[in-house]
Amino acid sequence: MRDLKRKNKASTIERRDEVETRATAIRIGNPVNAPKALPGIRETGGTAVAVDDAAITDAKRDLAEEGIGVEPASAAS
């Protein structure tokens, strides 16, 4: 299993040809706005992390218990 908490200080966007997730709304190997997002994350001191499908499912369930229904891509955030 890959380390989902790995920090990446790369200055370029890495294209991924095969991306599989239940969050189909964000399943894309080459997001068009990634070059805009990366500087924004860095300039604001923000963080971006990868989450696996188990974490998405857990978040979706936790939100549902609070009466909030979301689709998987929203649960990822």
Side-chain angles (χ1 to χ4, degrees):
M1 182 172 171
R2 65 188 171 92
D3 180 7
L4 297 176
K5 295 180 182 178
R6 182 181 64 132
K7 293 186 178 190
N8 184 349
K9 305 265 184 191
S11 59
T12 60
I13 305 302
E14 183 179 323
R15 178 183 170 81
R16 307 228 178 211
D17 291 326
E18 294 183 25
V19 178
E20 283 301 319
T21 177
R22 65 176 307 197
T24 57
I26 58 174
R27 180 177 30 194
I28 183 168
N30 191 21
V32 69
N33 286 319
K36 294 177 186 176
L38 189 56
I41 291 167
R42 289 191 174 134
E43 290 169 12
T44 62
T47 303
V49 298
V51 295
D52 59 21
D53 280 351
I56 291 171
T57 300
D58 289 346
K60 193 169 166 33
R61 184 180 310 113
D62 291 346
L63 289 165
E65 288 174 0
E66 297 296 324
I68 303 167
V70 298
E71 48 85 35
S74 296
S77 59

Measure across I41 and T44 and return the closest heavy-atom pair with its distance rounded to 0.1 Å.
O-OG1, 3.3 Å
Suppose we screen for side-chain hydrogen bond (donor to acceptor under 3.5 Å, both in side chains). Which residues come up paired with E20, at least two apart in sequence or across chains?
R27
List in chain and number order the residues that pass side-chain hydrogen bond (donor to acceptor under 3.5 Å, both in side chains) with T57, two or more places apart in sequence or in another chain; answer none if no residue qualifies.
R22
For P39 and A34, the nearest pair of non-hydrogen atoms, with its separation, is CD-O, 4.5 Å
Do any side-chain atoms of residues 61-69 form donor-acceptor pairs under 3.5 angstrom with protein atoms, and if so which ones, sequence neighbours left out?
residue, atom, partner, partner atom, Å
R61, NH1, D58, OD1, 3.1

K60 side, atom NZ; D53 side, atom CG - distance, nearest 0.5 Å:
12.5 Å
Heavy atoms of V70 and S74 approach each other most closely as CB-CB, 3.9 Å
What is the minimum heavy-atom distance between P72 and A23, and which atoms define it?
CB-CA, 3.7 Å
Can you confirm whether I56 sits close enough to V51 that some side-chain heavy atom of one is under 4.5 Å from a side-chain heavy atom of the other?
yes
